[in-house]
> 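Can you read through this structure? Questions will come right after.
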Amino acid sequence: MSAALACAAIMLVALIGQALRPQHRLLIVTGGAGAACLVSALAGTATTGALLAAVPWDVLVMLIALGLLSELLVESRLFGALAVLSTRRTQADPRRLMVLFAVGMYLISGLVNNLTAILIVLPILLRLYKLLGVTQRFLSWSLGLLLVACNLGGAATPIGDFPAILLLGQGRMQFTDYLVAAAPPTAVALALLIAIVMVVVRPTRDLDDGPVRRRLTIAVIVALYRNVRLDLRRLVPAGLALAAMIVAWMTVPPTVVGPELICWLGVGAALAVAPRDGERLLRTRIEMDGALFLLALFVMVGAVSKAGAFAAIARWLTELPVPAPLQLALFLVLAAVLTGLFSAGPSMAGLLEVAAALAARMSPTAVYVGLALAVCAGSSLFLTAATSGPMAQIMTERAGLRDPQGRTISFGFFQFMPTGLLAFAVILAVGVGYAMLLVAA
Amino acid sequence: MSDPTLGHSFLAAAGELGMCSAAWLFARTLGDDGGPAMVAEARDQLGRDFPVFDAVCARYLAGEREPRVDPTPVRAALAGVDRVLVIGVETTFLDAAVAALDCEIGLLTYGELEVDWPRVLANYGGRVAPCELPAFQRYAGSRGALLTFLYGAQAAVAHVDPAWLRVVAGDVRTQFRELIGWEVLGGEMYVYPRWLVQAPLVDFSWVIR
């Protein structure tokens with residue numbers, strides 16, 4: 001047990017360290033992984049080879065492959081065309097833009113990873129807001145809602161974000177089962193949030209946007225994209241590959257061809273259609289820092305697991321003298337809080353083994369989808385809980401927005417907090433409620 | 001109409017469209033909506049900070065409704081040129097030039113304002129290649145040229161995008177077949193031209209007015 005405590009302490013220190021010093025994130029987590037390997041080897045719980053062999057490489061393959069597919073979609077200029085369309089359709093009305101972009105972000109982040117989704121959508125939205133002229137209050141709620149929609153979209157599909165990919169990659173849930181079970185509650189949570197924000201909070205109430213300003217905004221956006229055409233050479237292969245992959249994920253038994261191999265072959269085929277671009281993307285656009293971070297994380301989680309810590313937590317949880325549904329509810333709340341503190345990757349990777357113990361005693365769908373929603377709630381609690389949050393902060397700072405009084409508008413930890421607290425409560429309530437419904441059914 | 005954030009909107013547009021192209025877009029849109037009175041009001045509000053906008057509004061109020069864009073002299077100036085590097089962005093004029101020219105065209109991806117260069121370039125469907133500042137001499141040679149936009153060219157001087165001064169120095173002049181300045185404003189500015197810098201016209205082998 002001392003090895004378990006030592007490995008858990010190393011992981012905890014590494015996770016807190018990377019949260020406090022994000023500029024040294026990779027150095028801290030890879031150092032932590034090395035230290036965990038050393039402790040495991042000295043304690044005799046696992047060799048480094050065994051820990052590396054236990055890394056879910058299939059999940060890493062899927063993350064990298066889906067990241068490359070996202071790049072293909074970005075380079076097809078699909079999102080520029082959508083920006084013009086949405087500006088025209090909403091007549092550049094900030095209220096409608098806010099809702100449309102939140103829903104759009106939910107849909108996009110169901111297909112591409114959250115960071116890519118933010119990198120695609122936010123520059124367009126910030127440009128629109130700069131043209132429209134917005135207030136601090138509007139920006140805080142609008143971008144907050146966008147980030148939460150991004151998290152919810154990522155949790156809605158099995159390929160949207162790391163926690164769901166982990167469930168799919170490790171064979172805990174099948175593609176269709178996850179999609180059918182997770183998409184409705186995430187959509188309900190988003191609808192609830194939008195309704196509360198638009199009806200109760202009303203962030204647009206102090207906005208002074210006249211029709212002239214809206215017409216100027218539309219004119220500028222149309223001019224910025226005046227000759228931008230969809231690049232069908234990139235869009236068609238990427239779209240076809242994605243469609244084929246989804247069909248394969250839904251129909252091919254994972255025991256025959258795993259989801260990671262479907263992803264590998266599908267994205268490979270899309271890249272091979274234009275080999276020069278494909279090779280360029282492979283050489284320059286793989287998110288190595290993200291992959292390295294997750295690799296180190298998996299090694300640390302593996303060390304803690306081999307030492308028996310997760311089994312002990314699972315035993316403690318399942319032996320609590322309360323009914324099984326209450327055990328699940330406690331677990332989901334714990335998962336949400338831990339995610340808020342340590343971010344989605346670490347908490348999902350660590351808690352999945354505990355979830356497996358609960359899934360053996362009640363509906364696995366309730367446990368895993370409940371966990372994905374709880375992790376989503378935690379990711380939405382603080383700006384720092386998901387990687388897309390700090391990215392949104394940096395991009396907003398760079399945009400140099402100002403309010404009607406000429407003051408700089410920012411989007412940081414405290415500006416996000418009201419949206420984060422609301423989203424945390426709503427998503428967690430939906431997640432726990434939904435899990436209880438599934439357990440009861 | 002009084003709106004303190006309108007200047008930020010204009011700047012956001014001018015970075016990617018160019019000061020003159022953005023000014024005409026703003027003047028036309030405001031004029032279509034509120035007539036000359038609204039253009040005059042916007043000129044009062046923004047003119048001091050954005051002299052190009054001020055000058056364009058003056059032309060709008062004098063009855064003009066769009067800039068004069070004729071790439072024919074540019075085509076003539078580039079006779080015998082295989083490749084031209086454009087310095088500064090003025091999309092209304094660059095669009096016309098790209099349609100009229102058949103040589104290789106590069107765009108210097110350097111600017112003082114916030115610019116999404118991939119989006120700017122995507123409007124040219126691969127006809128215009130990006131060129132970073134340290135690589136501008138790739139366009140040098142006996143069949144290479146530099147082209148920039150002039151604002152309010154007078155007898156001896158004109159105002160240009162600051163990027164021009166990053167590229168052109170005494171020893172650079174001899175490395176290119178032509179250095180072309182294309183007047184886009186069509187008249188002088190009434191306010192001191194912030195955002196632009198002054199360049200002597202003798203630096204150019206062609207000044208197209």
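Just so it is clear: chains get the letters A, B, ... in the order the sequence lines come, proteins before strands, and each one is counted from 1. If you're wondering where the values come from, they're calculated on a predicted model, not measured in any experiment.
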> Flag the pair L122(A) / L143(A) as yes when at least one side-chain heavy-atom distance between them is below 4.5 Å, and no otherwise.
yes
> Have a look at F204(B) and tell me which of F176(B), W164(B), W182(B) forms a ring-ring contact (aromatic ring centres under 6.0 Å, His included) with it.
W164(B)
> How would you list, in number order, the residues of residues 124-131 of chain A that have a heavy atom less than 4.5 Å from chain B?
R127(A), K130(A), L131(A)
> Does any non-hydrogen side-chain atom of L224(A) lie less than 4.5 Å from one of V84(A)?
no
> If I compare all heavy atoms of A27(B) with all of V56(B), which pair ends up nearest, and what's the gap?
CB-CG1, 4.3 Å
> Can you list the residues that meet the side chain to side chain donor-acceptor pair (under 3.5 Å) rule with T284(A), with sequence neighbours excluded?
none
> Report which part of R77(A) has an atom under 4.5 Å of a heavy atom belonging to chain B: side chain, backbone, both, or neither.
side chain
> Kindly indicate whether the side chain of R205(A), heavy atoms from C-beta on, has any atom under 4.5 Å from the side chain of F138(A).
no
> With a 4.5 angstrom heavy-atom cut-off, is it the side chain or the backbone of T91(B) that approaches chain A, or both, or neither?
both
> Are the aromatic rings of W195(B) and F53(B) close, with centres under 6.0 Å apart?
no
> Just to verify, what does V103(A) make a side chain to side chain contact (heavy atoms under 4.5 Å, CB included) with, not counting sequence neighbours?
V99(A), L107(A), I194(A)
> I need the contact set between residues 99-131 of chain B and chain A: heavy-atom distance under 4.5 Å, sorted by residue number.
E114(B), R119(B), A122(B), N123(B), Y124(B)
> For chain A, which candidate among L11(B), D95(B), T92(B) shows the most heavy-atom pairs at distances under 4.5 Å?
D95(B)
> Side chain, backbone, both or neither: which part of D32(B) has an atom under 4.5 Å from a heavy atom of chain A?
neither
> For residues R213(A) and L6(B), determine if any side-chain heavy atom of one lies less than 4.5 Å from a side-chain heavy atom of the other.
yes
> Do F149(B) and D161(B) make a side-chain contact, defined as non-hydrogen atoms from C-beta onward lying under 4.5 Å apart?
no
